[in-house]
There are 2 protein chains.
Amino acid sequence: MGVPQRKESATTASRVFDAMRHDLVNGRFAAGEKVAINGLKEQYQVGLSPLREALNRLAAYGLLVQENQRGFRVPRLDRHELDDVAGMRRELEGMALERAILKGDAEWESELLAAAHRLKRADLSPTQVDEWERLHARFHSTLVAPCGSVWLLRFIDQLHDQFDRYRRMAPGVPAVRKILDEQHGQLVELALERDVKAARALLEDHIDRSYEVALGSCK
Amino acid sequence: MGVPQRKESATTASRVFDAMRHDLVNGRFAAGEKVAINGLKEQYQVGLSPLREALNRLAAYGLLVQENQRGFRVPRLDRHELDDVAGMRRELEGMALERAILKGDAEWESELLAAAHRLKRADLSPTQVDEWERLHARFHSTLVAPCGSVWLLRFIDQLHDQFDRYRRMAPGVPAVRKILDEQHGQLVELALERDVKAARALLEDHIDRSYEVALGSCK
DNA sequence: CTAGACAAAATAATCGATTTTTTAACAACA
DNA sequence: TGTTGTTAAAAAATCGATTATTTTGTCTAG
(Lines give C-alpha, C1' and ligand atoms only; values in the text may rest on other atoms or scores of the structure.)
Protein backbone atom coordinates (compact mmCIF):
# COMPACT_ATOMS: atom_id res chain seq x y z
CA MET A 1 0.00 0.00 0.00
CA GLY A 2 1.43 3.34 -0.99
CA VAL A 3 1.08 6.32 1.27
CA PRO A 4 -2.26 8.04 0.54
CA GLN A 5 -0.42 11.27 -0.21
CA ARG A 6 -2.06 14.01 1.74
CA LYS A 7 -0.52 16.65 -0.46
CA GLU A 8 -2.72 15.62 -3.37
CA SER A 9 -5.58 17.37 -1.68
CA ALA A 10 -3.77 20.67 -1.48
CA THR A 11 -5.88 23.56 -2.54
CA THR A 12 -4.93 25.83 -5.43
CA ALA A 13 -4.47 28.72 -3.03
CA SER A 14 -2.11 26.62 -0.88
CA ARG A 15 -0.03 25.58 -3.84
CA VAL A 16 0.31 29.17 -4.99
CA PHE A 17 1.18 30.22 -1.46
CA ASP A 18 3.95 27.62 -1.29
CA ALA A 19 5.28 28.43 -4.74
CA MET A 20 5.28 32.18 -4.17
CA ARG A 21 6.78 31.86 -0.73
CA HIS A 22 9.60 29.89 -2.29
CA ASP A 23 10.04 32.38 -5.09
CA LEU A 24 9.98 35.37 -2.75
CA VAL A 25 12.53 33.87 -0.38
CA ASN A 26 14.75 32.97 -3.30
CA GLY A 27 14.72 36.40 -4.80
CA ARG A 28 12.67 35.71 -7.90
CA PHE A 29 10.90 39.01 -7.31
CA ALA A 30 12.62 42.37 -7.29
CA ALA A 31 12.58 44.04 -3.90
CA GLY A 32 10.13 46.92 -3.67
CA GLU A 33 8.38 45.78 -6.83
CA LYS A 34 4.66 46.20 -7.09
CA VAL A 35 3.00 42.85 -7.57
CA ALA A 36 1.15 42.67 -10.88
CA ILE A 37 -1.76 40.43 -10.07
CA ASN A 38 -2.66 39.81 -13.68
CA GLY A 39 0.92 38.88 -14.43
CA LEU A 40 0.98 36.38 -11.57
CA LYS A 41 -2.25 34.84 -12.84
CA GLU A 42 -0.39 33.77 -15.95
CA GLN A 43 2.91 33.06 -14.24
CA TYR A 44 1.32 30.53 -11.92
CA GLN A 45 -1.52 29.57 -14.22
CA VAL A 46 -4.29 30.12 -11.72
CA GLY A 47 -7.43 32.16 -11.36
CA LEU A 48 -7.88 35.37 -9.45
CA SER A 49 -9.59 34.07 -6.32
CA PRO A 50 -7.02 31.49 -5.17
CA LEU A 51 -4.25 33.86 -6.17
CA ARG A 52 -5.60 36.67 -4.04
CA GLU A 53 -6.09 34.32 -1.12
CA ALA A 54 -2.45 33.29 -1.38
CA LEU A 55 -1.36 36.94 -1.52
CA ASN A 56 -3.38 37.67 1.61
CA ARG A 57 -1.68 34.86 3.47
CA LEU A 58 1.74 35.96 2.32
CA ALA A 59 1.04 39.48 3.52
CA ALA A 60 -0.07 38.24 6.93
CA TYR A 61 3.10 36.14 7.01
CA GLY A 62 5.26 39.14 6.22
CA LEU A 63 6.61 38.24 2.79
CA LEU A 64 4.43 40.82 1.09
CA VAL A 65 3.18 44.24 2.08
CA GLN A 66 -0.47 44.97 1.55
CA GLU A 67 -1.66 48.49 0.86
CA ASN A 68 -5.42 48.86 0.89
CA GLN A 69 -6.90 49.59 -2.51
CA ARG A 70 -3.51 49.51 -4.12
CA GLY A 71 -2.57 45.91 -4.02
CA PHE A 72 0.53 44.17 -2.82
CA ARG A 73 4.22 44.85 -3.07
CA VAL A 74 7.44 43.02 -2.35
CA PRO A 75 9.08 44.53 0.75
CA ARG A 76 12.17 46.62 0.13
CA LEU A 77 15.52 45.42 1.33
CA ASP A 78 16.28 47.64 4.26
CA ARG A 79 19.40 47.61 6.35
CA HIS A 80 17.53 48.25 9.60
CA GLU A 81 15.02 45.55 8.81
CA LEU A 82 17.84 43.07 8.27
CA ASP A 83 19.47 44.12 11.54
CA ASP A 84 16.19 43.48 13.28
CA VAL A 85 15.65 40.09 11.67
CA ALA A 86 19.20 38.94 12.36
CA GLY A 87 19.05 40.15 15.94
CA MET A 88 15.81 38.31 16.54
CA ARG A 89 17.22 35.18 14.95
CA ARG A 90 20.11 35.34 17.43
CA GLU A 91 17.78 35.65 20.37
CA LEU A 92 15.13 33.16 19.34
CA GLU A 93 17.30 30.48 17.76
CA GLY A 94 19.75 30.77 20.62
CA MET A 95 16.92 30.25 23.08
CA ALA A 96 15.51 27.37 21.06
CA LEU A 97 18.87 25.65 20.72
CA GLU A 98 19.46 25.72 24.46
CA ARG A 99 16.09 24.12 25.05
CA ALA A 100 16.55 21.63 22.24
CA ILE A 101 19.83 20.43 23.68
CA LEU A 102 18.21 19.94 27.05
CA LYS A 103 15.23 18.10 25.63
CA GLY A 104 16.44 16.36 22.49
CA ASP A 105 16.46 12.57 22.65
CA ALA A 106 18.42 9.88 20.83
CA GLU A 107 16.09 10.04 17.84
CA TRP A 108 16.91 13.73 17.52
CA GLU A 109 20.62 13.00 17.58
CA SER A 110 20.18 10.61 14.68
CA GLU A 111 18.12 13.01 12.64
CA LEU A 112 20.54 15.80 13.31
CA LEU A 113 23.49 13.72 12.15
CA ALA A 114 21.54 12.68 9.08
CA ALA A 115 20.53 16.24 8.23
CA ALA A 116 24.10 17.48 8.63
CA HIS A 117 25.42 14.68 6.49
CA ARG A 118 22.96 15.29 3.69
CA LEU A 119 23.78 18.97 3.76
CA LYS A 120 27.52 18.33 3.66
CA ARG A 121 27.21 15.99 0.69
CA ALA A 122 25.01 18.31 -1.32
CA ASP A 123 26.97 20.44 -3.70
CA LEU A 124 26.35 24.11 -4.14
CA SER A 125 26.63 24.20 -7.92
CA PRO A 126 24.26 26.70 -9.53
CA THR A 127 21.91 24.01 -10.82
CA GLN A 128 21.52 22.46 -7.38
CA VAL A 129 21.13 25.59 -5.29
CA ASP A 130 17.47 24.99 -4.57
CA GLU A 131 18.17 21.50 -3.27
CA TRP A 132 21.04 22.79 -1.14
CA GLU A 133 18.83 25.53 0.27
CA ARG A 134 16.20 22.97 1.13
CA LEU A 135 18.69 20.82 3.01
CA HIS A 136 20.17 23.86 4.71
CA ALA A 137 16.80 25.03 5.97
CA ARG A 138 16.06 21.49 7.03
CA PHE A 139 19.29 21.26 9.02
CA HIS A 140 18.63 24.43 10.94
CA SER A 141 15.06 23.45 11.64
CA THR A 142 16.13 20.00 12.86
CA LEU A 143 18.68 21.61 15.14
CA VAL A 144 16.06 23.46 17.17
CA ALA A 145 13.09 21.14 16.58
CA PRO A 146 12.84 19.61 20.08
CA CYS A 147 12.81 22.97 21.86
CA GLY A 148 9.29 22.24 23.02
CA SER A 149 7.58 25.41 21.83
CA VAL A 150 5.44 25.44 18.71
CA TRP A 151 5.26 29.21 18.75
CA LEU A 152 9.00 29.61 19.05
CA LEU A 153 9.51 27.34 16.05
CA ARG A 154 6.90 29.24 14.13
CA PHE A 155 8.59 32.57 14.75
CA ILE A 156 11.97 31.12 13.86
CA ASP A 157 10.68 29.81 10.53
CA GLN A 158 9.23 33.17 9.76
CA LEU A 159 12.48 34.95 10.56
CA HIS A 160 14.42 32.42 8.52
CA ASP A 161 12.34 33.19 5.46
CA GLN A 162 12.89 36.89 5.99
CA PHE A 163 16.59 36.45 6.48
CA ASP A 164 17.06 34.14 3.53
CA ARG A 165 15.48 36.65 1.20
CA TYR A 166 18.32 39.00 2.04
CA ARG A 167 20.97 36.32 1.91
CA ARG A 168 19.81 34.99 -1.45
CA MET A 169 19.87 38.49 -2.91
CA ALA A 170 23.41 39.05 -1.70
CA PRO A 171 26.47 37.96 -3.67
CA GLY A 172 28.11 34.80 -2.34
CA VAL A 173 31.32 34.98 -0.35
CA PRO A 174 33.12 31.64 -0.83
CA ALA A 175 35.56 32.15 2.03
CA VAL A 176 32.77 32.79 4.50
CA ARG A 177 30.66 30.02 3.00
CA LYS A 178 33.45 27.58 3.84
CA ILE A 179 33.50 28.67 7.47
CA LEU A 180 29.71 28.53 7.71
CA ASP A 181 29.70 24.99 6.36
CA GLU A 182 32.29 23.90 8.91
CA GLN A 183 30.21 25.44 11.65
CA HIS A 184 27.31 23.18 10.76
CA GLY A 185 29.42 20.16 11.65
CA GLN A 186 30.70 21.80 14.82
CA LEU A 187 27.16 22.64 15.87
CA VAL A 188 26.24 18.97 15.64
CA GLU A 189 29.25 18.01 17.74
CA LEU A 190 28.46 20.50 20.47
CA ALA A 191 24.81 19.52 20.44
CA LEU A 192 25.65 15.84 20.86
CA GLU A 193 28.03 16.72 23.68
CA ARG A 194 25.15 18.67 25.22
CA ASP A 195 27.37 21.69 25.61
CA VAL A 196 24.61 24.26 25.85
CA LYS A 197 26.70 27.39 26.30
CA ALA A 198 29.24 26.63 23.60
CA ALA A 199 26.59 25.55 21.16
CA ARG A 200 24.61 28.72 21.65
CA ALA A 201 27.70 30.86 21.28
CA LEU A 202 28.61 29.08 18.06
CA LEU A 203 25.09 29.41 16.66
CA GLU A 204 25.14 33.13 17.39
CA ASP A 205 28.49 33.45 15.67
CA HIS A 206 27.07 31.48 12.76
CA ILE A 207 24.18 33.90 12.45
CA ASP A 208 26.51 36.89 12.74
CA ARG A 209 28.64 35.64 9.87
CA SER A 210 25.60 34.91 7.73
CA TYR A 211 24.44 38.40 8.55
CA GLU A 212 27.69 39.85 7.21
CA VAL A 213 27.06 38.01 3.96
CA ALA A 214 23.41 39.02 3.81
CA LEU A 215 24.38 42.65 4.27
CA GLY A 216 25.70 42.50 0.72
CA SER A 217 22.13 42.76 -0.53
CA CYS A 218 21.50 46.16 1.04
CA LYS A 219 24.25 48.18 -0.55
CA MET B 1 -8.26 71.13 8.07
CA GLY B 2 -9.41 67.84 9.45
CA VAL B 3 -7.26 64.78 9.29
CA PRO B 4 -7.81 63.06 5.91
CA GLN B 5 -8.84 59.85 7.66
CA ARG B 6 -6.87 57.04 6.11
CA LYS B 7 -9.24 54.48 7.56
CA GLU B 8 -11.97 55.55 5.16
CA SER B 9 -10.13 53.70 2.44
CA ALA B 10 -10.08 50.43 4.32
CA THR B 11 -11.02 47.51 2.18
CA THR B 12 -13.95 45.24 2.97
CA ALA B 13 -11.58 42.35 3.59
CA SER B 14 -9.58 44.48 6.07
CA ARG B 15 -12.66 45.52 7.97
CA VAL B 16 -13.82 41.93 8.25
CA PHE B 17 -10.35 40.90 9.35
CA ASP B 18 -10.35 43.52 12.11
CA ALA B 19 -13.87 42.69 13.24
CA MET B 20 -13.30 38.95 13.30
CA ARG B 21 -9.97 39.29 15.00
CA HIS B 22 -11.68 41.27 17.71
CA ASP B 23 -14.51 38.77 17.99
CA LEU B 24 -12.17 35.79 18.07
CA VAL B 25 -9.97 37.31 20.76
CA ASN B 26 -13.02 38.21 22.80
CA GLY B 27 -14.51 34.78 22.70
CA ARG B 28 -17.47 35.43 20.45
CA PHE B 29 -16.78 32.12 18.74
CA ALA B 30 -16.86 28.78 20.47
CA ALA B 31 -13.46 27.12 20.66
CA GLY B 32 -13.06 24.23 18.24
CA GLU B 33 -16.11 25.34 16.29
CA LYS B 34 -16.13 24.91 12.57
CA VAL B 35 -16.49 28.24 10.84
CA ALA B 36 -19.69 28.39 8.79
CA ILE B 37 -18.71 30.63 5.94
CA ASN B 38 -22.27 31.23 4.82
CA GLY B 39 -23.24 32.17 8.33
CA LEU B 40 -20.42 34.68 8.56
CA LYS B 41 -21.49 36.20 5.27
CA GLU B 42 -24.70 37.26 6.93
CA GLN B 43 -23.20 37.99 10.31
CA TYR B 44 -20.78 40.52 8.86
CA GLN B 45 -22.92 41.46 5.88
CA VAL B 46 -20.25 40.91 3.27
CA GLY B 47 -19.68 38.85 0.16
CA LEU B 48 -17.75 35.66 -0.15
CA SER B 49 -14.52 36.96 -1.66
CA PRO B 50 -13.56 39.55 0.96
CA LEU B 51 -14.70 37.19 3.68
CA ARG B 52 -12.47 34.39 2.46
CA GLU B 53 -9.55 36.76 2.14
CA ALA B 54 -10.04 37.79 5.75
CA LEU B 55 -10.23 34.16 6.85
CA ASN B 56 -6.99 33.41 5.04
CA ARG B 57 -5.25 36.24 6.83
CA LEU B 58 -6.61 35.17 10.19
CA ALA B 59 -5.34 31.65 9.57
CA ALA B 60 -1.87 32.90 8.65
CA TYR B 61 -1.99 35.00 11.81
CA GLY B 62 -2.91 32.01 13.94
CA LEU B 63 -6.42 32.92 15.08
CA LEU B 64 -7.96 30.31 12.80
CA VAL B 65 -6.89 26.90 11.64
CA GLN B 66 -7.16 26.15 7.98
CA GLU B 67 -7.73 22.62 6.74
CA ASN B 68 -7.47 22.23 3.02
CA GLN B 69 -10.78 21.50 1.32
CA ARG B 70 -12.61 21.56 4.60
CA GLY B 71 -12.60 25.17 5.52
CA PHE B 72 -11.62 26.94 8.70
CA ARG B 73 -12.11 26.26 12.37
CA VAL B 74 -11.60 28.12 15.61
CA PRO B 75 -8.60 26.62 17.44
CA ARG B 76 -9.40 24.54 20.48
CA LEU B 77 -8.45 25.75 23.93
CA ASP B 78 -5.56 23.53 24.84
CA ARG B 79 -3.65 23.56 28.09
CA HIS B 80 -0.30 22.92 26.42
CA GLU B 81 -0.94 25.62 23.87
CA LEU B 82 -1.66 28.10 26.64
CA ASP B 83 1.51 27.05 28.46
CA ASP B 84 3.45 27.69 25.29
CA VAL B 85 1.86 31.07 24.64
CA ALA B 86 2.33 32.23 28.24
CA GLY B 87 5.93 31.01 28.30
CA MET B 88 6.72 32.85 25.10
CA ARG B 89 5.06 35.99 26.41
CA ARG B 90 7.35 35.84 29.45
CA GLU B 91 10.42 35.52 27.29
CA LEU B 92 9.55 38.01 24.59
CA GLU B 93 7.84 40.68 26.66
CA GLY B 94 10.56 40.40 29.27
CA MET B 95 13.17 40.93 26.60
CA ALA B 96 11.23 43.80 25.08
CA LEU B 97 10.69 45.52 28.41
CA GLU B 98 14.40 45.45 29.22
CA ARG B 99 15.19 47.05 25.91
CA ALA B 100 12.35 49.54 26.18
CA ILE B 101 13.59 50.73 29.55
CA LEU B 102 17.06 51.23 28.12
CA LYS B 103 15.82 53.07 25.06
CA GLY B 104 12.63 54.81 26.10
CA ASP B 105 12.77 58.61 26.12
CA ALA B 106 10.83 61.29 27.98
CA GLU B 107 7.99 61.13 25.47
CA TRP B 108 7.62 57.43 26.24
CA GLU B 109 7.46 58.16 29.97
CA SER B 110 4.59 60.56 29.35
CA GLU B 111 2.67 58.15 27.16
CA LEU B 112 3.19 55.36 29.63
CA LEU B 113 1.86 57.45 32.50
CA ALA B 114 -1.09 58.48 30.37
CA ALA B 115 -1.88 54.92 29.30
CA ALA B 116 -1.69 53.67 32.88
CA HIS B 117 -3.91 56.50 34.08
CA ARG B 118 -6.55 55.88 31.44
CA LEU B 119 -6.54 52.20 32.28
CA LYS B 120 -6.88 52.84 36.00
CA ARG B 121 -9.82 55.17 35.50
CA ALA B 122 -11.69 52.86 33.20
CA ASP B 123 -14.17 50.72 35.01
CA LEU B 124 -14.59 47.06 34.35
CA SER B 125 -18.37 46.95 34.41
CA PRO B 126 -19.82 44.46 31.93
CA THR B 127 -20.97 47.14 29.52
CA GLN B 128 -17.53 48.70 29.33
CA VAL B 129 -15.40 45.58 29.05
CA ASP B 130 -14.46 46.18 25.44
CA GLU B 131 -13.20 49.64 26.23
CA TRP B 132 -11.27 48.36 29.23
CA GLU B 133 -9.70 45.63 27.10
CA ARG B 134 -8.68 48.20 24.53
CA LEU B 135 -6.97 50.34 27.14
CA HIS B 136 -5.36 47.31 28.73
CA ALA B 137 -3.90 46.14 25.44
CA ARG B 138 -2.80 49.68 24.77
CA PHE B 139 -1.01 49.90 28.11
CA HIS B 140 0.96 46.73 27.57
CA SER B 141 1.87 47.71 24.05
CA THR B 142 3.01 51.16 25.20
CA LEU B 143 5.13 49.55 27.87
CA VAL B 144 7.33 47.71 25.38
CA ALA B 145 6.92 50.03 22.39
CA PRO B 146 10.41 51.56 22.35
CA CYS B 147 12.21 48.19 22.42
CA GLY B 148 13.57 48.92 18.98
CA SER B 149 12.48 45.77 17.20
CA VAL B 150 9.52 45.72 14.87
CA TRP B 151 9.55 41.94 14.71
CA LEU B 152 9.63 41.55 18.45
CA LEU B 153 6.61 43.82 18.77
CA ARG B 154 4.85 41.93 16.04
CA PHE B 155 5.36 38.59 17.77
CA ILE B 156 4.27 40.05 21.10
CA ASP B 157 1.03 41.35 19.59
CA GLN B 158 0.34 37.97 18.11
CA LEU B 159 0.95 36.21 21.40
CA HIS B 160 -1.21 38.75 23.22
CA ASP B 161 -4.13 37.97 20.94
CA GLN B 162 -3.64 34.26 21.53
CA PHE B 163 -3.37 34.71 25.26
CA ASP B 164 -6.34 37.03 25.55
CA ARG B 165 -8.55 34.53 23.81
CA TYR B 166 -7.92 32.16 26.72
CA ARG B 167 -8.21 34.86 29.36
CA ARG B 168 -11.48 36.18 27.99
CA MET B 169 -12.96 32.69 27.96
CA ALA B 170 -11.98 32.12 31.57
CA PRO B 171 -14.12 33.21 34.51
CA GLY B 172 -12.87 36.37 36.21
CA VAL B 173 -11.08 36.20 39.55
CA PRO B 174 -11.68 39.54 41.30
CA ALA B 175 -8.97 39.03 43.93
CA VAL B 176 -6.33 38.38 41.28
CA ARG B 177 -7.71 41.15 39.10
CA LYS B 178 -7.03 43.57 41.92
CA ILE B 179 -3.40 42.49 42.19
CA LEU B 180 -2.95 42.63 38.43
CA ASP B 181 -4.29 46.17 38.34
CA GLU B 182 -1.90 47.27 41.07
CA GLN B 183 0.96 45.73 39.17
CA HIS B 184 0.24 48.00 36.22
CA GLY B 185 1.01 50.99 38.37
CA GLN B 186 4.09 49.35 39.86
CA LEU B 187 5.34 48.53 36.38
CA VAL B 188 5.19 52.19 35.46
CA GLU B 189 7.10 53.16 38.60
CA LEU B 190 9.88 50.65 37.97
CA ALA B 191 10.05 51.64 34.32
CA LEU B 192 10.43 55.31 35.19
CA GLU B 193 13.10 54.44 37.74
CA ARG B 194 14.82 52.49 34.96
CA ASP B 195 15.07 49.47 37.20
CA VAL B 196 15.47 46.90 34.44
CA LYS B 197 15.77 43.78 36.56
CA ALA B 198 12.94 44.52 38.95
CA ALA B 199 10.66 45.62 36.13
CA ARG B 200 11.28 42.44 34.18
CA ALA B 201 10.72 40.31 37.25
CA LEU B 202 7.45 42.08 37.96
CA LEU B 203 6.26 41.75 34.37
CA GLU B 204 7.00 38.03 34.47
CA ASP B 205 5.08 37.71 37.69
CA HIS B 206 2.26 39.70 36.10
CA ILE B 207 2.12 37.28 33.20
CA ASP B 208 2.26 34.29 35.54
CA ARG B 209 -0.72 35.52 37.50
CA SER B 210 -2.68 36.25 34.33
CA TYR B 211 -1.79 32.78 33.24
CA GLU B 212 -3.32 31.33 36.39
CA VAL B 213 -6.53 33.17 35.57
CA ALA B 214 -6.46 32.16 31.91
CA LEU B 215 -6.05 28.54 32.92
CA GLY B 216 -9.67 28.68 34.00
CA SER B 217 -10.72 28.41 30.37
CA CYS B 218 -9.09 25.02 29.84
CA LYS B 219 -10.89 22.98 32.47
C1' DC C 1 6.34 76.53 -17.68
C1' DT C 2 3.50 74.77 -13.56
C1' DA C 3 -0.60 73.55 -10.96
C1' DG C 4 -5.06 71.92 -11.21
C1' DA C 5 -9.10 69.65 -13.35
C1' DC C 6 -10.77 66.15 -15.83
C1' DA C 7 -11.34 61.98 -18.61
C1' DA C 8 -9.49 57.63 -20.00
C1' DA C 9 -7.05 53.62 -18.88
C1' DA C 10 -5.33 50.43 -15.71
C1' DT C 11 -5.66 48.00 -11.68
C1' DA C 12 -7.83 46.38 -7.36
C1' DA C 13 -11.75 44.67 -5.07
C1' DT C 14 -16.00 42.49 -5.02
C1' DC C 15 -20.06 39.87 -6.64
C1' DG C 16 -22.90 35.95 -8.36
C1' DA C 17 -22.72 31.62 -10.38
C1' DT C 18 -20.32 27.20 -11.22
C1' DT C 19 -17.39 23.37 -10.18
C1' DT C 20 -15.19 20.34 -7.04
C1' DT C 21 -14.78 17.95 -2.82
C1' DT C 22 -16.40 16.42 1.51
C1' DT C 23 -20.00 14.82 4.53
C1' DA C 24 -24.00 12.22 5.71
C1' DA C 25 -27.54 8.94 4.92
C1' DC C 26 -28.75 4.70 3.62
C1' DA C 27 -28.64 0.21 1.50
C1' DA C 28 -26.23 -4.16 0.23
C1' DC C 29 -23.40 -7.57 1.78
C1' DA C 30 -20.10 -10.53 4.59
C1' DT D 1 -23.50 -6.51 13.80
C1' DG D 2 -20.29 -4.25 11.37
C1' DT D 3 -18.24 -3.08 7.02
C1' DT D 4 -18.28 -1.37 2.50
C1' DG D 5 -20.30 0.98 -1.44
C1' DT D 6 -23.55 4.32 -3.45
C1' DT D 7 -25.61 8.54 -3.83
C1' DA D 8 -27.86 12.93 -2.37
C1' DA D 9 -26.97 17.04 0.11
C1' DA D 10 -23.91 20.39 1.93
C1' DA D 11 -19.95 23.00 1.97
C1' DA D 12 -15.60 24.67 0.04
C1' DA D 13 -13.04 26.35 -3.66
C1' DT D 14 -12.78 28.44 -7.93
C1' DC D 15 -14.22 30.95 -12.08
C1' DG D 16 -15.82 34.81 -15.08
C1' DA D 17 -17.78 39.12 -15.01
C1' DT D 18 -18.82 43.54 -12.72
C1' DT D 19 -17.92 47.48 -9.86
C1' DA D 20 -14.99 50.74 -7.50
C1' DT D 21 -10.67 53.01 -6.93
C1' DT D 22 -6.35 54.64 -8.27
C1' DT D 23 -3.16 56.00 -11.77
C1' DT D 24 -1.97 58.17 -15.99
C1' DG D 25 -2.16 61.37 -19.51
C1' DT D 26 -4.00 65.46 -21.51
C1' DC D 27 -5.58 69.88 -21.50
C1' DT D 28 -6.30 74.51 -19.75
C1' DA D 29 -5.88 78.54 -16.68
C1' DG D 30 -2.79 81.23 -14.36
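Convention: sequence-line order gives letters A, B, ...; per-chain numbering from 1.
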### Query
Within the structure, does a side-chain N or O atom of B:Thr11 lie under 4.0 Å from either OP1 or OP2 of C:dA12?
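Checking C:dA12 against B:Thr11, no side-chain N or O comes under 4.0 Å of OP1 or OP2.
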For the pair made of [atom1] in [X] and [atom2] in [N], what is the distance, rounded to whole Å?
X	N	atom1	atom2	answer
B:Glu42	D:dA11	CD	C1'	15 Å
B:Leu40	D:dA13	CG	C1'	16 Å
B:Asn38	D:dA9	CG	C1'	14 Å
A:Glu53	C:dC15	CD	C1'	14 Å
A:Arg70	C:dT14	CZ	P	15 Å
B:Arg52	D:dT14	CZ	P	7 Å
A:Tyr44	D:dT14	OH	P	16 Å
A:Arg73	C:dA12	CZ	C1'	14 Å

### Nucleotide nearest B:Ser49 when distance is taken to its side chain, options D:dA13, C:dA13, C:dG16
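Closest nucleotide to the B:Ser49 side chain: C:dG16.
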### Query
Which nucleotide in the set D:dG16, C:dT22, C:dT14 lies at the smallest distance from any side-chain heavy atom of B:Pro50?
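Ranking D:dG16, C:dT22, C:dT14 by closest atom to the B:Pro50 side chain puts C:dT14 first.
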Mind checking [X] for me? I need base, sugar-phosphate or nothing, with any heavy atom below 4.0 Å counting as a touch.
X	result
B:Val35	sugar-phosphate
A:Thr12	sugar-phosphate
B:Ala13	sugar-phosphate
A:Lys41	nothing
B:Leu48	base

### Query
After noting the C-alpha distance and the side-chain angles of B:Gln66 and B:Arg73, does the key distance pass the side chain to side chain contact (heavy atoms under 4.5 Å, CB included) rule?
CA-CA 7 Å; B:Gln66 185 162 26; B:Arg73 53 175 59 252; over 6 Å; no
### Pi-cation contact, A:Phe139 with A:Arg118 (under 6.0 Å, within 45°)
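No - A:Arg118 does not lie over the ring of A:Phe139 by the 6.0 Å and 45° rule.
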### Euclidean distance, A:Glu93 CD relative to A:Glu98 CD, rounded to 0.5 Å
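Nearest 0.5 Å value for the CD-CD distance: 13.0 Å.
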### Message
Can you work out whether B:Lys34 or A:Gly47 has the more 5'-proximal nearest nucleotide on DNA chain D?
### Response
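In this pair, the answer is B:Lys34.
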### Salt bridge B:Asp181-B:Arg177, side-chain N to carboxylate O under 4.0 Å
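Salt bridge present between B:Asp181 and B:Arg177.
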### Donor-acceptor contact present, side-chain A:Ser217 to main-chain A:Tyr166, <3.5 Å
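Yes; judged by distance alone, with no hydrogens or angles, the pair exists.
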